[in-house]
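Residue numbers start from 1 in every chain, and the chains themselves are labelled A, B, ... in the order their sequence lines are given, proteins ahead of strands. Just the heavy atoms: all of them, side chains too, but no hydrogens, waters or symmetry mates, feed the values below.
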Amino acid sequence: MSGTTITTDILIIGGGPAGMAAAVAASESGRRVTIVDDNPRLGGQIWRAELGKNGSPDANKLLAALAERRIDLINNAQIFGTDRDRSLLAETGAGTITLGYNKLIVATGARERFLAFPGWTLPGVFGAGGLQALVKGGFDVSGKRILVAGTGPLLLVVAEYLRSKGAQIAAIVEQAPVSKIIRFGLGLWNAPAKLAQGLELRSRLAGIPYPKGSWIKSVRKTGEMLTAAISKGGRERQFECEYVACGFHLVPNIELPSLLGCSIVQGFVSVDEYQRSSIPTILAAGEPTGIGGVEAALIEGKIAGFASTDETRKAEALFAKRDRTSRFAESLKATFALRNELLTLAEAETFVCRCEDVTFGVLKDFNSWREAKLQTRCGMGPCQGRVCGAACEFLFKWHVDSVRPPIFPVKLENL
Amino acid sequence: MTYDIAIIGAGIVGAACAASLSREGMSVALIEAKGIATGTTAAGMGHIVVMDDSEAQFALSDLSQKLWNEMATRLPTDCEYEHCGTIWVAADEQEMAEVRRKHAFYSARGLTSEVLDEKALHDAEPNLREGLAGGLLVTGDSVVYQLKATSYLIEDAKPAKVISGRKVTNVASDGVWLETNEKIRAKYIVNAAGIGAASLSPELKIIKRKGHLVITDRYPGFVSHQLIELGYLKSAHGKDSDSVAFNAQPRSTGQILLGSSRQFGIDDAGVDRELLRRMTSRAFEYMPRLRELSAVRTWTGFRPATPDNLPYIGRIGDSNVFAAAGHEGLGITTSLGTAELITDEILGRDSRIDRTPYSPNREVAAH
Amino acid sequence: MIEIRIDGKTIRSKPGTTVAAAILNAGTDHFRASVRGGRRGPLCGMGICFECRVKINGAPGQRSCTILVEQGMEIETAANEDSAADSHG
Ligand SMILES: Cc1cc2nc3c(=O)[nH]c(=O)nc-3n(C[C@H](O)[C@H](O)[C@H](O)COP(=O)(O)OP(=O)(O)OC[C@H]3O[C@@H](n4cnc5c(N)ncnc54)[C@H](O)[C@@H]3O)c2cc1C
Ligand SMILES: Cc1cc2nc3c(=O)[nH]c(=O)nc-3n(C[C@H](O)[C@H](O)[C@H](O)COP(=O)(O)OP(=O)(O)OC[C@H]3O[C@@H](n4cnc5c(N)ncnc54)[C@H](O)[C@@H]3O)c2cc1C
Ligand code: FES
């Protein structure tokens, strides 16, 4: 049980692109590097389940380097708390392990932002990345009709992926206005790799309606099917489908750095140019510092890996490239900002907190997240506000904070 | 304008005082530095329990329990008032002797309780381990979601004014000063500022006694009564050393709230993992199957303790200031009794119980 | 192929499939009952929403989207509620 203690030099939490890149860079120094990830497989949200077979060249290169450098991998281990100075606690199938470090790199990635609308709790209504992840996990969607909705570039990636798995995409419903999408498209000149990706995607998605300035209003169950009501240009359109895949871009996983006391500014871990947080022994890379996608994650991970091992020259050489990806992150944020009409989707009876079944009608009278939590248990269920927190931040402009250990539920004996 | 009463602190004690005084037709201003029920009240367990550590503690908790039971019929369901009863769990014969002493004590004072033997205990709580000697079931005890109850008290009272987010910096004879340099004028002032009370009324001696709690996911039926070990008598929940005891509460949600720990001399509100693990290990000794349950949150709170374990209730010297503070680990329970005593004293009425043991002017020597 | 049982029915799954995917493939979308009794199924697919909780080999509340199928696994969903409720304690 809570016996094992592992001490390492550079501890990396998260085995996605950022964490993998950080590990490879840090290992150049010859120091002991350990990656901890809560999944059975490496790769993070984008590469998981695809590594090896027909995977991305970037991914396979990193994977080979990880193996060659003999970097320690601890899978199926979820960080849930902190112990004494410079050690973290992870729950594994075999109990709790304590992980001591000299430097910590937080590469915990992001999750989808979900908004509450009537019908969003129906089985068959998934997150967009959520459905993609389930399909990567073996869920067979061939022949199914799926509506993809929400906002962000992930919608296109997901639609293309689902289609490649035999699904029929009813439409991709994007809430951002067409004017912003066009500007964003031009902005991609700053990120050539992304542009190519975008163009290629568009051709593969040819024939699928991609209404912009359009959003999902509700979903209801009609027999075996789901019927989604979509708002477009002031009119409502109905789509019949088997599944809805709906997500509103991403929010960072910052529970761990918050618990550790790193300074958080506007929802992201605040870092200097070396990816160092306000706490000198803790660095952060990838989505926790800004939603920038895989290229940003890779470059930030690399910088953090070098900086954590005092290879400052090597880190500095990457600054210019990183600054380009940061600009991309900025334009993502501006393009896919949520429109005010989405504030009116939830009805009094719509659940906002799915763990505790707390409705919009009950929540709207509170003044703060803390008050609402204490009085309604909103955000106090097992997801600990990971789903409803971002929705409440948008709906009520609450400052969603106060992280308490454990950051994920754990067995009592593992606490 | 001048209010009849200014109450400092909107924890459960201040809220109860506001309700009781407003009901008597007095105009009440309730002033809270942070938010309604965000102090110790937010951290507590919500066990409504009659205690027998001293006659004075019994009298106040017994009166309070009656008041809770009267109010229960009016409490909205989201206050989750549950009449679950308490079982004081005895591990061995020595603790069974304490069960019988408690039984005699409660019986002599008209309170219903039932001695459970090994089998009866096991039938009542099948998840307790085998081989425990027995216990005492006190049927009149309950649990409440104290945060909702605090809000209800305030909504029900409709005090003349609620000022939230403003700290009181000074107490004068004719009112209180806020941090904004505003003065709220009042004929009487009730200091219900919990662990903050002594900094406004230096006559009071209040020390922080830190406690840890853990709450699990929902496991309906896993625990049915509030369970407290009697072993704490031996470990003595000492004054100087840190101590832990098995204390498990069934919430109406099916969640289990686990306590408890006691520590003096600590200001840091952080969760102390070693102590937390001592606390849960103690719980596993009584309920081994708890190990497998999922813990969703841990937190700590500071009980406002006094040197003689009794709260301060009543007029301070011959000032216009009344103390309603220092309820330590029993303030959810005794909030209602406290409010009744304060109201009686302000109105010049006699009370149903003797008020003198709680007077802030008493000599307090730690015993 | 790996054989598992979902609500008493034997199902065959490819190795590397998550339990959530296996349940969905078996035609069940009612994974758990919400606290007010609503029907819920997976949302996030990545272990953060807790909507895909089911009982696996007797242990309740397991996030099925984060666990891979293993030979002989016994899985109970809320579609099988009544029998699950008795053994909860
Ligand atoms: C559901 C989803 C699907 C996505 N799909 C795509 C896609 O197809 N294409 C694309 O370009 N982008 C996709 N993205 C965006 C993606 O986040 C970025 O492109 C990029 O992968 C981010 O890399 P990262 O290393 O920062 O984070 P991630 O890849 O998210 O890696 C973070 C890792 O940390 C682990 N972790 C987090 N917290 C803990 C903890 N407490 N203990 C242990 N481990 C922990 C996570 O499980 C994860 O494996 C997706 C995002 C999401 C949320
Ligand atoms: C772990 C734990 C478990 C417990 N379990 C139980 C239990 O099962 N049963 C039970 O009966 N009791 C229990 N208690 C005890 C109970 O929680 C307290 O006794 C009770 O909450 C005290 O209430 P209060 O209103 O005096 O204090 P508080 O709730 O702290 O309220 C005082 C308020 O005054 C405000 N304040 C302070 N200074 C100022 C100022 N200068 N100006 C304006 N406002 C100010 C504060 O912000 C605060 O909101 C427990 C306590 C702990 C810590
Ligand atoms: S689907 Fe969200 S935790 Fe499994």
Side-chain angles (χ1 to χ4, degrees), chain A residues 1-3 5 78 80-85 87-89 91 93 95-96 98 255 259-261 353 355-359 361-363 365-386 398-399 402-415, chain B residues 34-39 41-43 76 78-80 145-152 154-155 164-165 212-219 222 248 251-253 255-256 258 269-281 283-284 287-300:
Chain A
M1 225 164 304
S2 309
T5 297
Q78 189 157 54
F80 67 87
T82 59
D83 201 10
R84 286 163 301 270
D85 192 31
S87 54
L88 300 181
L89 300 165
E91 181 174 55
T96 298
T98 306
E255 289 72 18
L259 185 71
L260 288 162
C353 170
C355 294
E356 297 289 330
D357 281 357
V358 187
T359 60
V362 165
L363 288 171
D365 295 329
F366 290 94
N367 297 313
S368 71
W369 173 242
R370 182 171 155 79
E371 220 179 272
K373 268 176 90 165
L374 291 176
Q375 295 285 335
T376 70
R377 267 198 287 272
C378 174
M380 302 262 252
C383 100
Q384 300 179 328
R386 283 180 170 81
W398 289 339
H399 181 57
S402 82
V403 175
R404 286 227 165 88
I407 59 171
F408 277 100
V410 290
K411 277 190 195 171
L412 268 173
E413 66 176 347
N414 290 337
L415 256 186
Chain B
K34 299 201 174 105
I36 310 289
T38 54
T41 299
D78 61 5
C79 292
E80 298 171 3
Y145 189 46
Q146 72 275 7
L147 297 170
K148 274 287 180 191
T150 304
S151 298
Y152 167 76
I154 295 173
E155 279 157 28
S164 187
H212 285 72
L213 293 177
V214 188
I215 194 159
T216 69
D217 202 348
R218 298 174 182 239
Y219 302 94
F222 193 93
R251 306 294 320 180
S252 69
T253 53
Q255 292 176 290
I256 301 158
L258 276 186
V271 170
D272 172 347
R273 177 158 185 259
E274 225 160 86
L275 194 75
L276 189 70
R277 286 185 62 82
R278 263 177 66 196
M279 189 176 102
T280 50
S281 300
F284 302 155
M287 276 198 154
R289 292 186 57 201
L290 282 171
R291 291 172 174 281
E292 295 295 318
L293 307 192
S294 176
V296 292
R297 237 172 7 266
T298 60
W299 67 90
T300 67

| query | Picking from A:Pro405, A:Pro382, A:Gly81, which has the most non-hydrogen pairs under 4.5 angstrom with chain B? | reply |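 Looking at each option in turn, the highest pair count goes to A:Pro405.
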| field | Interface residue of largest heavy-atom contact number with chain B, from A:Gln384, A:Arg377, A:Arg84, A:Glu356, under 4.5 Å | value |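 Ranked by heavy-atom pairs under 4.5 Å with chain B, first place is A:Arg377.
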| Contact class of A:Glu371 relative to chain B, heavy atoms under 4.5 angstrom |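 Neither part; nothing is under 4.5 Å.
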| message | Report which part of A:Ile407 has an atom under 4.5 Å of a heavy atom belonging to chain B: side chain, backbone, both, or neither. | response |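 Neither part.
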Measuring from [X]:[atom1] to [Y]:[atom2], what's the distance to the nearest 0.5 Å?
{"X": "B:Tyr145", "Y": "A:Gln375", "atom1": "OH", "atom2": "CD", "result": "7.0 Å"}
{"X": "A:Leu412", "Y": "B:Arg289", "atom1": "CG", "atom2": "CZ", "result": "13.0 Å"}
{"X": "B:Arg291", "Y": "A:Leu415", "atom1": "CZ", "atom2": "CG", "result": "12.5 Å"}
{"X": "B:Arg273", "Y": "A:Thr96", "atom1": "CZ", "atom2": "OG1", "result": "6.0 Å"}

What part of [X] is in contact with chain A, defined as an atom under 4.5 angstrom from a non-hydrogen atom: side chain, backbone, both or neither?
{"X": "B:Thr280", "answer": "side chain"}
{"X": "B:Glu80", "answer": "side chain"}
{"X": "B:Thr150", "answer": "neither"}
{"X": "B:Ile215", "answer": "neither"}
{"X": "B:Thr216", "answer": "side chain"}
{"X": "B:Leu276", "answer": "side chain"}

Taking C-beta and beyond as the side chain, do [X] and [Y] meet within less than 4.5 Å on heavy atoms?
{"X": "B:Glu292", "Y": "A:Lys411", "result": "yes"}
{"X": "A:Met380", "Y": "B:Val296", "result": "no"}
{"X": "A:Arg370", "Y": "B:Lys34", "result": "no"}

| query | Any idea which of B:Ser151, B:Ala283, B:Ser281, B:Gly35 has the most non-hydrogen atom pairs under 4.5 angstrom with chain A? | reply |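 It is B:Ser151.
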| query | Of the non-hydrogen atoms in A:Pro406 and B:Ala295, which two are nearest, and what is the gap between them? | reply |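 Heavy-atom minimum between the residues: CG-O, 3.8 Å.
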